[in-house]
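Structure record follows, encoded as structure tokens.
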Amino acid sequence: MEGSLFDVKSVSMSQVAFMGTTCWSHFSEVGVKIRPPFFSGRGVLPKAFPYSGTSNNAYVSKKAVCSINEEKISTGNYIDQINGKKSSLFSRNMKVLHSIDDEFGGLVVDPKRLPANPNAFASMLRSSLSHWKAKEKKGVWLKLPVERSDLVPVAVKEGFEYHHAERAYVMLTYWLPGGPCMLPANATHQVGVGGFIINDNNEVLVVQEKYCSPASAGLWKIPTGFILESEEIYTGAVREVKEETGIDTEFVEVIAFRHVHNAAFEKSDLFFICMLNPLSSQIMVDDHEIQAAKWMPLVEFVEQPLIQEDSMFKKVIDICIARLHKRYCGLYPYKLVSAFDGKLISLYYNVTHSQEANCVSN
């Protein structure tokens, strides 16, 4: 019946007003704000308020409405009907996770404002996904700190996927539009550096690593390592040499770089060989990762069987020797500002026509 309200019996407007000042006051206590007057229909009675736990034609009684618990209030899809028309009375007050929009039509959830309770998080996450889909958002980035790792299975259950993990957090994503996910994949490469340092006595700075594969046992090699987050290639090379051998150096050029796939953890690997000038000579070995270090005659270094048998090692040494005789030009980083994002970048290239150039091209 069109005029039935809550308990299938007609009620007067005074009863409706009573509910607006008693039952609905409970909603305000749990964070759902209702603007008075509660109903503003012009001479028409509102129908009951279906919620997600009822069928399309079922209506809850006044007592049932007043007893709806906080969890349903914060996550349920509450709507009212006036003369058969639906309005988003409660959708305005539906609790969703705090987030900021990104520049690609997606959003990033604020990791500092996550609910403390996993059940509350699950409810808000479901409501948020519905809300974001209605808003036609695209990708969702959910960063969960290690202290909130209890929320990871909750997010995975709702359809989130692992993207990447660091020491302090795990990043999960959700592609809302459906179809192929257009979010960028996790980083595909790790970046390493090696320093080729030769002194005035034609000796190369070499090390033997404490932990290495059996195939590399006994090999004297140039100091190498991985660059740190937000670290330049040239500063990483200088740092690694200093950490492993105690030798201070200055960057000259990137001589060459190697690109290999399916390396550690099935990632690709970029390795930059850098020419460095020594600024000191006293070696101080890092006992944590280096077995030994020394200045080794270049001829003796090149004649090592493992270097002679490996085409890549041989080519790198040939390039380094050519650079020493100024028959080869490497790459030097020049600082530029990108017009795309205004950031300072390092562009590596060689300049052979400059008066400052200390090499000539073949």
Side-chain angles (χ1 to χ4, degrees), residues 166-167 189-258 260 263-264 269-310 312-326 328 330-333 346 348 358:
E166 297 289 346
R167 286 174 179 257
H189 287 67
Q190 59 184 15
V191 181
V193 289
F196 183 85
I197 306 104
I198 190 165
N199 63 17
D200 294 337
N201 298 322
N202 215 30
E203 296 172 324
V204 181
L205 181 63
V206 293
V207 299
Q208 282 186 340
E209 294 184 337
K210 183 171 292 188
Y211 308 102
C212 62
S213 64
S216 300
L219 174 67
W220 290 98
K221 56 185 283 293
I222 62 175
T224 62
F226 292 108
I227 64 171
L228 305 176
E229 185 176 354
S230 302
E231 186 178 39
E232 295 281 359
I233 293 171
Y234 59 90
T235 56
V238 171
R239 176 189 52 78
E240 279 291 341
V241 172
K242 177 67 173 180
E243 289 179 355
E244 293 188 358
T245 68
I247 298 296
D248 294 311
T249 60
E250 64 177 356
F251 176 83
V252 178
E253 290 173 348
V254 170
I255 299 301
F257 67 89
R258 179 211 64 196
V260 65
D269 182 276
L270 285 168
F271 180 68
F272 292 84
I273 299 98
C274 303
M275 176 76 74
L276 306 176
N277 281 335
L279 300 178
S280 63
S281 59
Q282 185 65 41
I283 293 176
M284 293 181 290
V285 174
D286 175 16
D287 294 331
H288 294 290
E289 55 180 327
I290 300 300
Q291 183 69 35
K294 67 178 181 178
W295 291 101
M296 188 177 198
L298 177 60
V299 174
E300 185 179 338
F301 174 67
V302 173
E303 290 178 350
Q304 291 184 98
L306 286 177
I307 289 182
Q308 289 295 316
E309 296 169 2
D310 189 278
M312 187 197 74
F313 274 139
K314 286 186 65 177
K315 187 62 179 178
V316 168
I317 298 303
D318 289 344
I319 293 173
C320 290
I321 294 175
R323 177 63 183 83
L324 290 173
H325 293 88
K326 299 182 179 181
Y328 177 89
L331 305 177
Y332 189 83
S346 296
Y348 286 76
N358 57 2

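For reference, positions follow the sequence shown, starting with 1.
Of the inter-residue distances, the one linking Ile273 atom CD1 with Glu253 atom CD reads 13.5 Å to the nearest 0.5 angstrom. Once rounded to the nearest 0.5 Å, the distance linking SG of Cys274 with CZ of Phe257 reads 12.0 Å.
One N or O on the side chain of Trp295 and one on the backbone of Ser281 form a donor-acceptor pair closer than 3.5 Å. For Tyr328 (side chain) and Asp318 (main-chain N/O), no donor-acceptor pair under 3.5 Å exists by modelled atom type.
Residues Ile233 and Phe251 fail the side-chain proximity criterion, which asks for heavy atoms closer than 4.5 Å. Using a 4.5 Å heavy-atom threshold, the side chains of Ile307 and Phe301 count as touching. No side-chain heavy atom of Glu250 sits under 4.5 Å from any side-chain heavy atom of Val238.
Evaluation of the side-chain contact (heavy atoms from CB on, under 4.5 Å) rule for Glu303 yields Val299 as partners, not counting sequence neighbours. A search for salt bridge (charged side-chain N to carboxylate O under 4.0 Å, His left out) contacts involving Glu300 returns nothing, not counting sequence neighbours.
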Gln291 and Val285: CA distance, side-chain angles, deciding distance, side-chain contact (heavy atoms from CB on, under 4.5 Å) verdict: CA-CA 8 Å; Gln291 183 69 35; Val285 174; over 6 Å; no

Between Leu205 and Thr249, is a side-chain contact (heavy atoms from CB on, under 4.5 Å) present by the stated rule, with each step listed? CA-CA 11 Å; Leu205 181 63; Thr249 60; 5.7 Å; no

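Here salt bridge (Lys or Arg N to Asp or Glu O under 4.0 Å) pairs that include residues 273-287, with residues two or more places apart or in two chains, number zero. Listed by first and then second residue, the side-chain hydrogen bond (donor to acceptor under 3.5 Å, both in side chains) pairs involving residues 233-247 are Glu231-Arg239, Tyr234-Lys335, Arg239-Glu243, Lys242-Asp248 (not counting sequence neighbours).
Of all heavy-atom pairs between Gln308 and Val302, the closest is NE2-O, 2.7 Å. Contact between Ala256 and Ile319 at its shortest, heavy atoms only, is CB-CD1, 4.3 Å.
The number of heavy atoms from other shown groups lying within 6.0 Å of NZ (Lys314) does not exceed 12. For Lys210, the NZ atom counts as densely surrounded, since its 6.0 Å shell holds more than 12 non-hydrogen atoms of other residues, nucleotides or ligands. Counting non-hydrogen atoms of other residues, nucleotides and ligands closer than 6.0 Å to OH of Tyr348 gives a total above 12.
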Donor-acceptor contacts, no H, no angles, side chain residues 218-230, under 3.5 Å, sequence neighbours left out:
residue : atom : partner : partner atom : Å
Lys221  : NZ   : Glu209  : OE2          : 3.1
Lys221  : NZ   : Thr224  : OG1          : 2.8

Residues 190-203, side-chain donor-acceptor partners within the protein, below 3.5 Å, at least two apart:
residue : atom : partner : partner atom : Å
Gln190  : NE2  : Asp269  : OD2          : 3.0
Asn199  : OD1  : Asn201  : N            : 3.0
Asn199  : OD1  : Asn202  : N            : 3.3
Asn199  : OD1  : Glu203  : N            : 2.9
Asn199  : ND2  : Glu203  : OE1          : 3.0

